[in-house]
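The structure appears right after this line, and notes come after that.
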Amino acid sequence: MGVKSRTARPRATRIAGLGAVAAGLLALLSGCSLEDVGGAFGHFGWPGPGVSLQAHKMYDLWIASVIAALVVGIFVWGLIFWCIIRYRKRGDELPVQTRFNMPMEVLYTVTPVLIVAVLFYYTAIVQTDVDKLSRNPDQVVEVVAFKWNWQFNYRDGVGKDAGTVTSTLGSDDQIPLLVLPTDRTIRFEETSPDVIHSFWVPELLFKRDVFPGNVRNQFEVTLDKEGRYVGHCAELCGTYHAFMNFEMVVVSPQRFDQFLQAKKDGADTAAAMQAIGFAGDERYAVTTKPFDTRRHGQSWNQSGQTQITAGK
């Protein structure tokens, strides 16, 4: 009778318990956006939701994937601990031995396949959207990465045969500014005259290599948040690779048009920044600063050198 009472324990109670947990989880998630859930847990390792429409989609895919993994993990852990407690040894009587359970085997074979298929489906959708190029982007920026700095050319069309309207060039003592508008489609066309570099702004949740030769990597973003963000070279490209920083300045479309017009009229970048309301040090990079390269008057192996200072 003891064995029978254990095996005949009402399954409805266990099913109701699992249903209550699932209902509680769904109620919790339905009242929160993926950004709210991610923000409550440090974005599960990502820099944040990003500053572009494409970044938001990648962020949502990441948070949703983590939530799905946690749900599966909690379910599996629950089964493990339930089996440990439910079928623990209670005496010398041998528990009922089962050679196989066909419904259970089908469940743990089909379920992982379905999970992988769903994740693959949404990954393919997001990846296709991130890589999508429009026919007529609102602004084209040619990114020229070289040892060891950046040049940003504002172009009047797409392709290598388009003309350069105006440019921003970085130097040893000045961080280049990449000024861009919100709510417009921006095409980046990347090229390098020397070695492989990589264009990376962490807040875009995206980076792409810059190749020399005839390869022109391209991608598009639509920014939706104004601000100033540090950009880096993310590919080891030589001695001063770590010094290849730039600052992406995102402004409203109206201010961007004013900036571009000032540059077309012959103003340098600092003067063009002042023309759209940035004064004093704000005319230059504020989120990062040039490294102490010590290229002039000193060598790397002399004693008593000042240490390299990292950007803010």
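These numbers come from a predicted model, not from an experiment.
Within a 6.0 Å sphere centred on CG of Asp156, other residues, nucleotides and ligands contribute more than 12 heavy atoms.
Side-chain contact of Glu220 with Thr185: a donor-acceptor pair under 3.5 Å is absent, judged by distance alone. In summary, the side chains of Arg187 and Gln139 do not present any donor paired with an acceptor at a separation below 3.5 Å, with no hydrogens or angles considered. No side-chain donor-acceptor contact under 3.5 Å links Asn101 and Glu105. With no hydrogens or angles considered, no side-chain donor-acceptor pair links Arg216 and Thr191 at under 3.5 Å. Side-chain contact of Thr182 with Lys225: a donor-acceptor pair under 3.5 Å is absent, judged by distance alone. A donor-acceptor contact closer than 3.5 angstrom links the side chains of Gln151 and Asn153.
Note: Phe206 and Phe188 fail the aromatic proximity criterion, with ring centroids not under 6.0 Å apart. Residues Phe246 and Trp150 bring their aromatic ring centres within 6.0 Å.
For the atom pair OG of Ser65 and CD1 of Ile115, the computed distance is 11.5 Å after rounding to the nearest 0.5 Å. Here CG of Leu223 is found 8.5 Å from CD of Gln54. Values are rounded to the nearest 0.5 Å. Within the model, atoms CG of Asn149 and CD1 of Ile175 stand 7.0 Å from one another, a figure rounded to the nearest 0.5 Å. Between Met58 atom CE and Leu61 atom CG the span is 9.5 Å, to the nearest 0.5 Å.
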Side chain to side chain contact (heavy atoms under 4.5 Å, CB included) assessment of Val251 paired with Phe278: CA-CA 11 Å; Val251 298; Phe278 293 97; 4.1 Å; yes
Worked verdict on Asp131 versus Arg208 for salt bridge (charged side-chain N to carboxylate O under 4.0 Å, His left out): CA-CA 11 Å; Asp131 286 335; Arg208 180 151 288 177; 3.0 Å; yes
Verdict with reasoning, Phe219 to Glu189, per side chain to side chain contact (heavy atoms under 4.5 Å, CB included): CA-CA 7 Å; Phe219 68 97; Glu189 298 181 350; over 6 Å; no
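For the pair Asp224 and Arg184, the salt-bridge criterion is not met [side-chain N within less than 4.0 Å of a carboxylate O]. Checked for salt-bridge contact, Asp60 and Lys57 miss the test: no charged N lies under 4.0 Å from a carboxylate O.
For the ring-ring contact (aromatic ring centres under 6.0 Å, His included) test, no residue two or more places apart in sequence or in another chain qualifies with Tyr229.
Ring orientation note: the planes of Phe256 and Tyr154 are tilted relative to one another, at an angle of 30° to 60°.
Residues Val158 and Ala162 approach most closely at O-CB, 3.8 Å, considering heavy atoms. The shortest non-hydrogen separation linking Val144 to Pro193 is CG1-CD, 4.1 Å. The two residues Asp194 and Lys147 have their closest heavy-atom pair at OD2-N, 2.9 Å. The minimum heavy-atom distance between Cys237 and Trp148, with the atom names listed, is O-NE1, 3.4 Å. Taking every heavy atom of both residues into account, Gly50 and His56 meet most closely at O-CE1, 3.2 Å. Between His197 and Glu235 the shortest heavy-atom distance is C-CB, 3.6 Å.
There is no path of hydrophobic side-chain contacts, each under 4.5 Å, that joins Val195 to Val143. Residues Tyr240 and Phe199 are members of one and the same hydrophobic cluster, defined by side-chain heavy-atom contacts under 4.5 angstrom among Ile, Leu, Val, Met, Phe, Trp and Tyr.
A donor-acceptor pair is defined here as one N or O able to donate and one able to accept, closer than 3.5 Å; such a pair exists between the side chain of Arg283 and the backbone of Gly280. Under the 3.5 Å distance criterion, the side-chain polar atoms of Arg88 are matched with a main-chain donor or acceptor of Ile85.
Through direct or relayed side-chain contacts under 4.5 Å between Ile, Leu, Val, Met, Phe, Trp and Tyr, Val215 connects to Ile196, Phe211.
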